2 protein chains.
Amino acid sequence: MGIGTVSRVLNNHPNVSLATRTRVLTIANRLNWQPHPYARGLAKQKTNSILAAVPFYSTYFFVEVLRGVQSKLAEMEYDLILYGINDPHHIEEVLKKKSMRMRVDGVLFLSMTVPENFVEEYNRLKIPIVLVDTKRKDLDSVYVENVKGAHTATNHLISLGHKRIGMLNASMRSQPVQERLEGFRQAMDEAGLEIDPQLTVSSNSTILDGFTRECGYELMKELLNLGSSRPTAILVSSDIQASGALWAIEEAGLKCPDDIAVVGFDDIELARHLRLTTMRQPMFDMGVLAARKIEERINGSQLPPADNPFVPELVIRETCGARREHHEAPEPEMTA
Amino acid sequence: MGIGTVSRVLNNHPNVSLATRTRVLTIANRLNWQPHPYARGLAKQKTNSILAAVPFYSTYFFVEVLRGVQSKLAEMEYDLILYGINDPHHIEEVLKKKSMRMRVDGVLFLSMTVPENFVEEYNRLKIPIVLVDTKRKDLDSVYVENVKGAHTATNHLISLGHKRIGMLNASMRSQPVQERLEGFRQAMDEAGLEIDPQLTVSSNSTILDGFTRECGYELMKELLNLGSSRPTAILVSSDIQASGALWAIEEAGLKCPDDIAVVGFDDIELARHLRLTTMRQPMFDMGVLAARKIEERINGSQLPPADNPFVPELVIRETCGARREHHEAPEPEMTA
DNA sequence: CTGAAAGCGCTAACAT
DNA sequence: ATGTTAGCGCTTTCAG
């Protein structure tokens with residue numbers, strides 16, 4: 001029996017008699033045989049693996065997304081190669097040198113701005129890219145509708161009767177932050193509420209674009225220093241910052257829902273603990289979709305680059321003041 | 001100039017004149033050339049990538065470890081293939097079918113018990129395995145000294161004057177839990193303190209071996225139901241459970257350091273928020289070491305399988321009662 | 001020191 | 001339907 005035939009059954013080629021097919025299969029099974037992925041890859045010019053470039057710092061978010069990615073990828077018999085970018089400035093250098101080129105059939109960028117020349121090069125190599133948590137008109141993007149989300153969050157606060165609402169932001173350099181601020185503005189406008197510039201603060205920290213507890217803590221202190229003209233409620237651009245803000249509030253001897261209500265964004269694990277009202281992002285599902293999208297491209301889809309927006313969902317807990325009683329028990333664990 | 005020569009310079013083969021070497025290098029650079037990893041892998045019988053099998057649920061711990069692994073691996077020019085095991089029962093099936101066999105030079109198992117036949121098979125294939133956060137006499141293992149850690153934690157509580165100390169455990173099926181309980185016992189013994197069996201509770205939950213907030217919450221309620229014979233301090237086998245325990249304490253209208261002190265284990269991110277005193281595990285460093293160990297094996301080390309223990313470090317915050325004042329500011333962010 | 005040729009394990013095109 | 005053969009892109013003898 002020729003080696004070619006074996007190859008055929010392994011690749012489900014039609015021209016193989018059922019007899020030989022089963023014979024090959026059983027013998028392969030008995031020998032515990034598996035085709036060598038590299039040899040196959042070389043011959044087929046396909047690696048059956050995709051690269052995920054992630055900023056390692058946004059832990060909870062990216063873990064959830066990756067869970068989704070990996071789960072879909074496993075189903076597709078693809079491997080996930082993880083590449084953590086610690087210093088955003090080194091993205092290109094790193095990805096170049098790593099000769100990730102011929103090693104993967106596609107690449108996923110999470111929460112990262114892709115360098116222009118990188119896009120060009122991968123374009124030339126016909127290696128598709130899909131973005132997660134960022135957006136670009138010329139690439140497939142999977143992201144959350146930040147404007148809408150912030151809008152919803154703000155409306156919630158408004159519906160609770162708040163008038164003096166502030167927004168505590170991370171760095172305005174961050175695209176999601178800009179969008180979230182925009183949503184806030186829209187909602188305030190629509191409600192005919194004044195936006196006091198004093199109450200709209202943002203970070204100029206270079207550390208993680210201001211997505212840190214410290215940033216939330218410091219900015220909240222500023223807000224609190226406003227004294228009687230402080231806001232009665234604030235929207236915070238991320239849960240992690242909200243945690244810092246809550247800290248500042250507590251430290252100032254104030255009570256969270258009563259003296260000042262807060263709504264976060266993300267619904268990271270911590271949020272449940274803090275009983276933080278927030279906008280949930282369907283991270284796992286975003287990961288699954290991203291994997292699907294990259295697959296479509298790999299399989300030759302020529303559709304124009306598409307947006308794949310997800311709508312964040314308002315999770316009402318206690319920091320907004322809408323629910324003041326304690327629960328009997330903690331919320332159920334996320335399904336693992 | 002022959003293809004062979006090119007190959008030689010790429011592999012730093014000595015027999016190449018500096019003249020041709022630089023010539024090849026510059027031209028390669030100009031063409032933006034990179035050797036094809038699969039072709040190279042096929043020829044050299046080496047993939048230059050390692051597999052990390054991780055249980056996706058233990059998020060924070062594994063992210064940190066992986067950060068370490070990846071950082072070292074990148075340095076070694078190795079790729080990291082991530083495989084998330086959601087259902088522990090499927091480990092072998094999954095890894096078999098994935099034909100991970102010839103695809104990686106080594107495998108890392110995080111927080112997981114490796115199936116026996118898996119070990120045998122990889123042994124036969126000469127693909128080295130190293131364990132992280134678990135132990136096996138016949139494999140290299142990188143882990144934390146749980147006995148010592150629990151001992152230290154318990155001693156801390158004892159030094160604070162506590163006599164009625166309890167321990168709240170996850171499932172006794174978990175190796176780390178057993179070890180932590182052992183450390184607790186030793187410390188109590190050495191101090192001549194009685195261990196009230198009522199105060200040593202453990203979970204029989206099958207969900208994540210009881211490493212959940214709910215588990216901590218429920219077990220703490222049991223402890224609290226003891227009324228006046230309740231412990232004045234408890235050691236909890238993990239931070240995540242400690243968070244649930246704190247919840248139960250609060251819900252019962254009790255105050256944490258005052259009515260009952262608690263010390264956790266792990267130092268997950270959450271711990272800072274909760275101001276939880278806990279035992280820190282050097283997760284990143286464990287990852288780095290694991291990567292180094294696997295590299296040694298790949299490079300043919302024949303040393304007998306070795307233990308690589310790390311000693312956990314006591315992090316004193318407020319739930320133990322040793323520091324009662326609030327901080328001026330939150331602790332600095334972990335370096336990312 | 002360098003060129004030529006065989007081979008890594010598989011796929012795909014071409015015969016039969 | 002199946003056997004044969006020529007690559008896939010690189011490494012590695014073996015000559016020279």
Side-chain angles (χ1 to χ4, degrees), chain A residues 1-49 77-79 81 96-105 121 124-127 298-300, chain B residues 1-49 77-79 96-105 124-127 298-300:
Chain A
M1 181 174 45
I3 172 79
T5 306
V6 175
S7 177
R8 269 179 288 251
V9 353
L10 256 70
N11 291 284
N12 292 311
H13 191 96
N15 283 4
V16 157
S17 76
L18 201 142
T20 38
R21 155 157 284 131
T22 48
R23 195 154 71 90
V24 169
L25 252 25
T26 50
I27 197 169
N29 198 47
R30 184 158 55 70
L31 262 45
N32 207 0
W33 161 265
Q34 293 285 131
H36 187 130
Y38 275 34
R40 180 186 281 217
L42 230 207
K44 282 183 123 120
Q45 296 295 42
K46 187 165 189 297
T47 67
N48 256 73
S49 58
E77 308 255 280
Y78 265 72
D79 288 331
I81 296 187
K96 194 153 253 163
K97 159 166 116 218
K98 282 290 302 181
S99 83
M100 278 302 185
R101 293 191 217 307
M102 316 271 56
R103 214 204 184 312
V104 295
D105 298 334
E121 181 172 349
R124 198 166 349 101
L125 296 169
K126 306 273 183 225
I127 298 178
I298 292 173
N299 292 335
Chain B
M1 179 177 42
I3 171 79
T5 306
V6 175
S7 176
R8 268 179 288 252
V9 353
L10 256 70
N11 291 283
N12 293 311
H13 191 97
N15 283 6
V16 156
S17 75
L18 200 141
T20 39
R21 151 157 287 129
T22 49
R23 196 155 68 91
V24 169
L25 253 25
T26 50
I27 196 170
N29 198 48
R30 184 158 55 70
L31 263 43
N32 206 1
W33 161 265
Q34 292 287 133
H36 187 128
Y38 275 33
R40 181 186 279 219
L42 230 207
K44 281 183 125 117
Q45 297 293 45
K46 187 163 187 298
T47 67
N48 256 73
S49 60
E77 307 256 278
Y78 265 73
D79 289 329
K96 193 152 254 165
K97 157 164 118 220
K98 283 291 300 181
S99 84
M100 279 302 186
R101 295 191 217 307
M102 315 273 54
R103 210 196 192 318
V104 294
D105 298 336
R124 199 166 347 104
L125 295 170
K126 306 271 184 228
I127 297 178
I298 290 172
N299 291 336

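Everything numeric here is computed off the predicted structure, so don't read it as measured data. Just so we're on the same page: letters track the sequence lines, and every chain starts at 1. What you see below is based on every heavy atom in this structure, not just the backbone, and it leaves out hydrogens, waters and symmetry mates.
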Minimum heavy-atom distance between A:V9 and A:L25, given as atom pair plus value: CG2-CD1, 3.4 Å
Can a donor-acceptor pair be found, under 3.5 Å and without considering hydrogens, that links the side chain of A:D105 to the backbone of A:K46? no
Comparing nearest nucleotides in DNA chain C, the 5'-proximal residue of the pair B:P14, B:G4 is B:P14
What's the closest nucleotide to the side chain of B:R8 if the choices are D:dC14, C:dC14, D:dG9? D:dC14
What's the closest nucleotide to the side chain of A:K44 if the choices are D:dT11, C:dA12, C:dC10? C:dA12
Could you tell me how far apart A:K46 (NZ) and C:dT11 (C1') are, to the nearest whole angstrom? 14 Å
Spell out, as yes or no, whether a donor-acceptor pair under 3.5 Å connects the side chain of A:Y38 to the backbone of B:A39. no
Would you mind telling me which of D:dG9, C:dG9, C:dT2 lies closest to the side-chain atoms of A:A39? C:dG9
Would one find a side-chain N or O of A:T20 under 4.0 angstrom from OP1 or OP2 of D:dA1? no
Tell me what B:S7 touches on the nucleic acid: a base, only sugar-phosphate, or nothing, going by heavy atoms under 4.0 Å. base
Provide the closest heavy-atom pair for B:R21 versus B:N12 in the form atom of the first, atom of the second, distance. NH2-CA, 3.6 Å
Between P on D:dA1 and CD1 on A:I3, what's the gap in Å once rounded to a whole number? 20 Å
Value in whole Å for how far the C1' atom of C:dC10 lies from NE2 of B:H36: 13 Å
May I have the distance from B:R103 (atom CZ) to C:dG9 (atom C1'), rounded to whole angstrom? 15 Å
Nearest-Å distance, CG (A:L10) to P (D:dT2)? 15 Å
Check whether any side-chain N or O of B:S17 sits under 4.0 Å from OP1 or OP2 of C:dT2, and answer yes or no. yes
Separation between OG1 of A:T22 and CD1 of A:I27, rounded to the nearest 0.5 Å: 11.5 Å
Can you check the A:L42 CG to D:dG7 P distance for me, whole Å? 15 Å
Which nucleotide sits closest to the side chain of B:R40: D:dT11, C:dG9, C:dT2? D:dT11
Atom CD of B:Q34 and atom C1' of D:dC8: how far apart are they, to the nearest Å? 18 Å
Between C:dC1, D:dT2, D:dT11, spot the one nearest the side chain of A:T5, thanks. D:dT2
5'-most contact on DNA chain C (nearest-nucleotide basis), B:Q45 vs B:N15, goes to B:N15
Between OH of B:Y38 and P of D:dT11 the distance, given in whole Å, is 16 Å
